[in-house]
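Reading through the structure tokens given below for one structure.
Below, read A as the first sequence line, B as the second, and so on, with proteins coming before strands; counting in each chain starts at 1. Because the structure is predicted, anything quoted here is derived from the model rather than measured.
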Amino acid sequence: MESIQAVKGMNDILPGQVEWWQKVETTAREVLENFGYREIRTPVLEKLELFSRGIGESTDIVEKEMYAFEDRRGEWLALRPEATASVVRAYIQHNLQADFTMQKLYALGPMFRRERPQKGRYRQFHQIDVEAFGVDDPMLDAEMMYMLRVFLERIGLSGVVLHINSLGCPQCRQEHKVRLQGYLETHQETLCPDCRKRRHTNPLRTFDCKVERCQKVLEKAPHLLGSICEPCGTHFERVKDHMEQLRTPYLINPRMVRGLDYYTRTAFEVITDQLGAQNAVGGGGRYNGLAQDLGGPDIPGIGFAIGMERLILLLQQQQEEARRMPKIFLAAMGERARTHAFLLTQELRAAGLETEMDYEGKSLKSQMRRADKYGVSHVLILGEEEMDKGVAKLRNMAGKSQQEIPLEDLPAAMKNL
RNA sequence: GUGGGUGUAGCUCAAUAGGUUAGAGCACUGGGUUGUGGCCCCAGAGGUCGUCGGUUCAAGUCCGAUCACUCACCCCA
């Protein structure tokens with residue numbers, strides 16, 4: 001019989017790996033909650049329309065990467081390809097703007113995109129998603145990027161750079177788009193086929209084309225940053241001022257464009273050069289029109305997402321892993337001692353001590369080997385001899401010393417080690 | 001969706017120009033005198049050589065197909 005494999009691009013996270021995830025998750029919660037963010041959990045499945053309207057009909061995500069299907073009653077649903085649209089939907093649906101003028105929310109969980117997997121890119125991947133609603137002030141933009149930096153520092157990640165840009169508002173971006181299209185048209189002949197297509201569909205995207213002759217053309221192309229409107233320009237200036245105030249290093253990257261339609265003004269990405277082709281560990285930006293696009297009130301928002309597998313891949317390259325092991329091992333010989341050891345194990349656990357034992361009646365030598373593999377600091381040895389005397393031998397694995405301890409004192413004595 | 005690379009034990013890899021019972025290291029199990037770990041020594045278990053088909057007296061090895069994994073393109077976290 002053929003064994004069943006996991007779905008392509010969807011991974012099991014095994015013991016030994018899962019410790020990294022726990023570390024990232026707990027650190028994320030600590031930092032985010034310290035900045036006033038509260039967790040929200042939304043369904044993994046949403047109406048398809050939420051994403052086609054929210055992310056943009058012509059984006060790659062919506063066009064070709066979504067897990068979309070018709071359910072038994074003919075309703076079109078999709079596994080979420082990102083979290084922002086869902087969080088905004090929940091925000092609108094539950095009228096969260098009525099509670100406070102500002103809402104700071106975060107969500108952890110799996111996202112789904114049907115792409116060809118490669119290093120740092122999977123069909124089920126996980127994000128730490130952060131969103132703040134109701135405030136358009138640049139102070140919040142800067143605080144968010146500062147918080148991202150604090151988180152990455154706390155988790156111990158090094159070698160990443162924060163890129164920032166302003167994408168302007170729908171109005172000035174539209175004007176720029178027309179100008180850029182005009183420019184590209186005059187250089188049409190030199191552009192690669194992809195860029196010729198992008199000229200119509202999404203001219204801004206030509207900026208991250210990797211073909212050399214396209215880059216050459218784009219060097220002289222009008223930059224969005226140079227032509228954003230006055231209010232967008234001052235917003236960006238103030239973001240930068242606050243970044244300096246918070247002593248958070250950044251790099252202005254006028255070529256950065258983001259793949260989702262809803263971004264406005266501030267956009268940012270955390271970039272690494274240690275992940276092969278996947279260079280973005282996290283990214284986000286402001287999305288002032290999104291809530292309204294999704295049928296809600298006209299409320300500004302800003303947010304970002306961190307790719308957990310990418311972050312963990314980097315951490316694993318940079319840090320030693322810490323394995324989780326029991327602290328005490330019980331080695332017992334003979335039926336009487338084994339039966340007692342079984343109970344004793346539960347008592348030690350009840351006292352809060354991580355305890356493991358041998359369940360198979362193996363030789364003492366074998367049990368000691370097992371204890372050593374676990375890396376426990378102490379082993380309790382229990383045999384006929386000890387049972388007769390009403391004691392257990394406590395062996396210190398590091399020092400090799402051994403002492404006898406009365407059985408009735410055990411949980412207490414172990415706690416004081 | 002497109003292109004490249006790789007599929008042999010749980011893991012990392014060997015296997016002469018096709019030729020008998022496919023090997024090693026690590027990991028695993030047991031043992032090295034009565035009930036004591038690490039180091040060392042001995043022994044053991046573990047593989048339909050991804051799958052299907054073809055060439056051949058003979059295929060892990062050659063050919064084809066297929067699947068899986070992987071890297072890259074596209075795009076993104």
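Residue-level contact check: A/Glu386 touches the bases, meaning some heavy atom is under 4.0 Å from a base atom. In this structure, A/Asp129 reaches neither bases nor backbone, as no heavy-atom distance under 4.0 Å exists between it and the strands shown. Using a 4.0 Å heavy-atom criterion, one finds that A/Arg370 contacts the sugar-phosphate atoms exclusively. Using a 4.0 Å heavy-atom cutoff across all strands shown, A/Lys393 reaches at least one base atom of the nucleic acid. As judged by a 4.0 angstrom heavy-atom cut-off over every strand, A/Val379 is placed among residues making no nucleic acid contact. Residue A/Glu82 is classed as having no contact, given no heavy-atom separation below 4.0 Å to the nucleic acid. At the heavy-atom level, A/Gln5 lies nowhere under 4.0 Å from the strands shown. When heavy atoms are screened at a 4.0 angstrom cut-off, A/Lys365 is found touching base atoms of the nucleic acid. No contact: A/Ala371 has no heavy atom under 4.0 Å from any strand.
For the salt bridge (Lys or Arg N to Asp or Glu O under 4.0 Å) condition, the pairs that include at least one residue of residues 328-341 of chain A, sequence neighbours left out, are A/Glu335-A/Arg338, A/Arg336-A/Glu384, A/Arg336-A/Asp388.
With P as the reference atom, B/U48 and B/G4 are 31 Å apart, rounded to whole Å.
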Set out, line by line, the N/O atom pairs under 3.5 Å between protein and nucleotides 41-46 of chain B.
none

Would you tabulate the nitrogen or oxygen pairs shorter than 3.5 Å linking the protein to nucleotides 3-7 of chain B?
residue: B/G3; atom: O6; partner: A/Arg116; partner atom: NH2; Å: 3.4

Output field dot_bracket for RNA chain B (Watson-Crick or G-U, both distances under 3.5 Å, | for other-strand pairs) contains (((((((..((((.....[...)))).(((((.......))))).....(((((..]....))))))))))))....

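Remark: A/Trp76 engages no residue in a ring-ring contact (aromatic ring centres under 6.0 Å, His included) (not counting sequence neighbours). Annotation: ring-ring contact (aromatic ring centres under 6.0 Å, His included) contacts of A/His235 (sequence neighbours excluded): none.
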